[in-house]
Amino acid sequence: QVQLVESGGGLVQAGGSLRLSCVASGRFFSRSAMGWFRQGPGKEREFVASISGSGSFISYEDSLKGRFTISRDNTENTVYLQMSSLKPEDTAVYYCASSRYTDRSSSSRDYDSWGQGTQVTVSS
């Protein structure tokens, strides 16, 4: 199993930026794709972005392309989510997840370890 600890959430005004971090421990980090998911109030959890184990391949939920950037530092066992031009509809709990596979994936079923989540609130 992998332990994941997210940080970086908070309250930001619309148009602002935040960078989320997720530190992993317990499994060879570079062998696992990593993903970010989010769950807004009254909504189901949804895919945000995923990055392959090497960092060479990245996927985004289509509507977030251009505003969100996922990256990873395998020397620090950390994955990041840079969010810019934030909108009130981006308000959600953001979860970091570790995949059982090396290839990136948008399916939550491919992820077997999840962080506790970090709250992001965007005010209008």
Side-chain angles (χ1 to χ4, degrees):
Q1 280 293 349
V2 179
Q3 292 74 47
L4 302 171
V5 179
E6 302 107 330
S7 61
L11 174 64
V12 64
Q13 289 188 332
S17 299
L18 281 176
R19 188 176 81 156
L20 306 183
S21 300
C22 173
V23 179
S25 62
R27 183 159 69 190
F28 197 56
F29 184 69
S30 64
R31 291 179 181 171
S32 298
M34 299 294 294
W36 287 97
F37 293 77
R38 69 183 184 182
Q39 187 166 16
K43 299 180 180 180
E44 295 187 353
R45 185 167 56 189
E46 64 177 356
F47 170 72
V48 173
S50 177
I51 186 167
S52 64
S54 67
S56 298
F57 301 97
I58 289 172
S59 297
Y60 295 99
E61 201 282 325
D62 284 345
S63 66
L64 301 177
K65 289 179 181 177
R67 295 196 300 120
F68 287 19
T69 302
I70 189 172
S71 61
R72 67 189 294 161
D73 183 343
N74 286 350
T75 66
E76 298 290 336
N77 285 10
T78 302
V79 62
Y80 303 96
L81 184 68
Q82 178 68 47
M83 306 183 293
S84 61
S85 302
L86 283 163
K87 305 174 181 180
E89 51 263 43
D90 294 318
T91 294
V93 177
Y94 285 72
Y95 297 92
C96 168
S98 175
S99 174
R100 59 176 64 89
Y101 307 116
T102 300
D103 290 338
R104 67 200 191 282
S105 172
S106 62
S107 172
S108 61
R109 290 184 295 243
D110 290 335
Y111 297 84
D112 58 0
S113 296
W114 295 79
Q116 81 286 354
T118 186
Q119 177 71 47
V120 171
T121 303
V122 184
S123 63
S124 57

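One is the number of the first residue; the rest follow in order along the sequence.
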**Asked** Do S105 and D110 meet the criterion of a side-chain donor-acceptor pair at a distance under 3.5 Å?
**Response** yes
**Asked** Do the side chains of V23 and V48 join up, straight or via other hydrophobic residues, at under 4.5 Å, putting them in one cluster?
**Response** no
**Close side-chain approach of R45 to W114, heavy-atom, < 4.5 Å** = yes
**Item:** Minimum-distance pair of heavy atoms, taken over all atoms of V79 and M34
**Value:** CG1-CE, 3.9 Å
**Item:** Test item: S99 side-chain N/O and A33 main-chain N/O as donor-acceptor pair under 3.5 Å
**Value:** no
**Prompt:** Hey, what's the ring geometry for F37 with Y111, parallel, tilted or perpendicular (30° and 60° as the breaks)?
**Reply:** perpendicular
**Prompt:** Does the side chain of D90 come within less than 4.5 Å of R67's, by heavy atoms?
**Reply:** yes
**Message:** Please find the pair of heavy atoms, one from A14 and one from S124, that lie closest to each other, and give the distance.
**Reply:** CB-CA, 4.4 Å
**Message:** Which heavy atom of I51 sits nearest to which heavy atom of R72, and what is that distance?
**Reply:** O-NH1, 3.6 Å
**Prompt:** Can you check whether F29 reaches T75 side chain to side chain, under 4.5 Å on heavy atoms?
**Reply:** no
**Item:** Minimum heavy-atom distance R109-R100, with the two atoms named
**Value:** O-NH1, 2.7 Å
**Asked** Do you reckon L4 sits in the same ILVMFWY cluster as V93, going by side-chain contacts under 4.5 Å, direct or chained?
**Response** no
**Fill in**
Quick note, side chain to side chain donor-acceptor pair (under 3.5 Å) partners involving residues 76-88, not counting sequence neighbours, are none
**Prompt:** Is the closest side-chain heavy-atom distance between L64 and R38 below 4.5 Å?
**Reply:** yes
**Message:** Please say yes or no: joined through hydrophobic side-chain contacts below 4.5 Å, possibly via intermediate residues, are F47 and L86 part of one cluster?
**Reply:** no
**Heavy-atom neighbours of Q13 CD exceed 12 at 6.0 Å** = no
**Asked** Looking only at atom types and distance, does a side-chain atom of S52 sit under 3.5 Å from a main-chain N or O of F57, one as donor and one as acceptor?
**Response** yes
**Item:** CG-OG distance between D103 and S50, expressed to the nearest 0.5 angstrom
**Value:** 9.0 Å
**Asked** Where the side chain of S30 meets the backbone of G53, is there a donor-acceptor pair that is under 3.5 Å apart?
**Response** no
**Message:** Once rounded to the nearest 0.5 Å, what's the spacing between atom CD of E46 and atom OG of S108?
**Reply:** 12.0 Å
**Message:** If you apply the rule side chain to side chain contact (heavy atoms under 4.5 Å, CB included), what do you find for S32 with V2, and how did you get there?
**Reply:** CA-CA 10 Å; S32 298; V2 179; 5.5 Å; no
**Prompt:** Does Y95 belong to the same Ile/Leu/Val/Met/Phe/Trp/Tyr cluster as Y60, with side-chain heavy atoms less than 4.5 Å apart forming each link?
**Reply:** no
**Message:** Within the 4.5 Å heavy-atom criterion, are E6 and L20 side-chain neighbours or not?
**Reply:** no
